Asker: 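Below you will find the structure I want to go over with you.
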Amino acid sequence: MQNDYRADVAVIGAGIMGTAIVTRLIETGHKVSVFDLDAEKVAALTAKGAHAASSVASAVSASEFCILSLNHASIVRAVVFGEKGVAAAAIADKLLIDMSSIDPAETADMAKRLRAETGMAWVDCPLSGGVPGALGGKLTIMAGGSPEDFERARVVMRHLAANYTLMGASGAGQTTKLINQLFCAVLFQAVAEAVKLAEAGGVDPAAIPAALAGGRADSRILQEFMAKFAARDFSPTGRIDNMLKDLDSLQAFALKTKTPLPMTGTVVEIHRLLCAAGLGPKDSAEMMHLLDGFRAG
C-alpha cells in the first residue's frame, strides 16, 4: 500500500497502552473505532476524535485492522471468540494485530483457530517502549505471523514503531517479548542494586549513566531509569504486576522447554514479593522500597 494510505482501525482495550496507541493513530490520520468496558476511558478518546463502538464486533465490522491491547490471554480469547467478539465480524480481508503480551503457544492456537473459522489472519505484535514510544511512533515491535500478513500490518505499524521486525511464525513475536522482559526485569533489579551501592559509596547515582555511557555496562535501561530510581521518582511508566505476569509466562515457557533460568527465577520471586507487599500496581521504580527496607513508603 502507498505510504500516504490511512486505514480504518479498531482498537480493543483503552488502558494505558491502548490509549497511547489510539492517540498516536488519530494524530497520524487513521480513523479509529475504540471499545473498552470503561466508558470514561472511551470518552476521553472520543474527545480526541475516536469513534466509540458499541461492541467489539461493531468496531471490527467498521475496520480493516483490529488492534488488541489487553492484559491476559484469557481476556484476548474472550474478546476474540466470545459473544459479539472479533470472530463475529471477522472476514478474510481483515487483519488482527495483537499488541498484548501473552503466552506464545496460546497465541499460535488462537491465530490458527481464527483463520480456520473465519479466514481472518493474526499477527502477534507485542511491544517495547511504553507510552512514550507509542506517542512518538518509536516503539520496538517484535512480530509473529506470515511474511504477507506482517507486511499488511505495516500500514499501521509504520506510525507506531521505529523498529518493526518479523521474528517467525505465529507466536514468535510473543516469545521474543518474553526475552525482552527477561532483560528488562533483570536490568531493573541491577539498576536498583547499583543505586544502593553508589549511595553507600558516596557516589551520586544520577551521575552513573553519563559516566558509563558507551561502555560495556551501558544500556537504554541504565540511561533512562537509574536517575529515576535514584530520585525515588515513582511516576508511572510500567506496573510491577504487569511485569510479573510476563515473568510468570516466561517461567512457564522455560519449564515447558526445560530451559534453565536461575537469575530470572530470583528476579521473578522479587517481583512476587513486591506484589505481596501491595506494590503490584506501582511503577518499577518502587523496587527501591525493598532495598530501602520499605522506609521510604
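Just so you know, residue 1 is the first one in the sequence shown, and it goes up from there. Bear in mind that the values here come from a model prediction, so they are computed numbers and not experimental data.
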Asker: List the atom of E199, the atom of A230, and the distance in Å for their closest heavy-atom pair.
Answerer: OE2-O, 4.2 Å
Asker: Would you call the rings of Y164 and F150 parallel, tilted or perpendicular, where under 30° means parallel and over 60° means perpendicular?
Answerer: parallel
Asker: Taking K245 for its side chain and S101 for its backbone only, find out whether a donor-acceptor pair lies under 3.5 Å.
Answerer: yes
Asker: Taking the side chain from S100 and the backbone from I102, do they hold a donor-acceptor pair closer than 3.5 Å?
Answerer: no
Asker: Suppose we call two aromatic rings close when their centres sit under 6.0 Å apart. Are F188 and H271 close by that rule?
Answerer: no
Asker: Applying side-chain hydrogen bond (donor to acceptor under 3.5 Å, both in side chains), run through S58 and S55 and close with a yes or a no.
Answerer: CA-CA 5 Å; S58 66; S55 67; 3.3 Å; yes
Asker: Among pairs that include at least one residue of residues 19-50, which meet ring pair (Phe, Tyr, Trp, His ring centres under 6.0 Å), considering only residues two or more places apart or in two chains?
Answerer: H30-H159
Asker: Where do A206 and P209 come nearest, in terms of heavy atoms and distance?
Answerer: O-CD, 3.4 Å
Asker: Mark yes or no for whether T19, through its side chain, and A14, through its backbone, hold a donor-acceptor pair below 3.5 Å.
Answerer: yes
Asker: What is the distance from atom OG1 of T266 to atom CE of M263, rounded to the nearest 0.5 Å?
Answerer: 8.0 Å
Asker: Search all heavy atoms of E40 against all heavy atoms of D38 and return the closest pair with its distance.
Answerer: N-OD1, 3.0 Å
Asker: Show me the pairs that pass side chain to side chain donor-acceptor pair (under 3.5 Å) and involve residues 207-217, at least two apart or across chains.
Answerer: none
Asker: Could you report the tightest heavy-atom contact between L279 and I240, atom names first, then the distance?
Answerer: O-CD1, 3.6 Å
Asker: Let's go through Q223 and D218 carefully: what are the C-alpha distance in whole Å and the side-chain angles of both, what is the deciding distance for side-chain hydrogen bond (donor to acceptor under 3.5 Å, both in side chains) to 0.1 Å, and is it a yes or a no?
Answerer: CA-CA 7 Å; Q223 295 298 328; D218 197 11; 2.8 Å; yes
Asker: Taking E193 first and then K196, would you say they form a salt bridge - that is, a charged N and a carboxylate O separated by under 4.0 Å?
Answerer: no
Asker: Hey, is the main chain of A59 close enough, under 3.5 Å, to the side chain of S63 for a donor-acceptor pair?
Answerer: yes
Asker: Closer than 4.0 angstrom, basic N to acidic O: yes or no for E27 and R6?
Answerer: no
Asker: Salt bridge check: are D149 and R115 linked by an N-O gap of less than 4.0 Å?
Answerer: yes
Asker: Check K48 against T23 and note the closest heavy-atom contact, atom names and distance.
Answerer: NZ-OG1, 3.0 Å
Asker: Checking side-chain hydrogen bond (donor to acceptor under 3.5 Å, both in side chains) for the pair K177/S128: CA distance, chi angles, key distance, verdict?
Answerer: CA-CA 8 Å; K177 177 58 186 285; S128 181; over 6 Å; no
Asker: Do any N or O atoms from the side chain of D283 and from the backbone of T237 form a donor-acceptor pair under 3.5 angstrom?
Answerer: yes
Asker: Would the distance check show the side chain of D124 and the main-chain N or O of D98 forming a donor-acceptor pair, the cut-off being under 3.5 Å?
Answerer: no
Asker: Please tabulate, for the side chains in residues 68-80, all donor-acceptor contacts under 3.5 angstrom to protein atoms that are two or more places apart in sequence or on a different chain.
Answerer:
{"from": "S69", "atom 1": "OG", "to": "G18", "atom 2": "N", "distance (Å)": "3.4"}
{"from": "R77", "atom 1": "NH2", "to": "D109", "atom 2": "OD2", "distance (Å)": "3.3"}

Asker: Quick one: does K94's side chain have a donor or acceptor within less than 3.5 Å of a partner on V60's backbone?
Answerer: yes
Asker: Under the criterion side-chain contact (heavy atoms from CB on, under 4.5 Å), I'd like the reasoning laid out for M120 against I91: C-alpha separation, chi angles, the key distance, then a yes or no.
Answerer: CA-CA 5 Å; M120 186 175 182; I91 57 174; over 6 Å; no
Asker: Looking at every non-hydrogen atom in both residues, tell me the closest pair between L114 and F81 and how far apart they are.
Answerer: N-CZ, 3.9 Å
Asker: Which residue is it: I141, N180, L160, T140? I am looking for the one with a side-chain contact (heavy atoms from CB on, under 4.5 Å) to L127.
Answerer: I141
Asker: Step through the shown structure and confirm whether more than 12 heavy atoms of other residues, nucleotides or ligands are within 6.0 Å of CD1 on I16.
Answerer: no
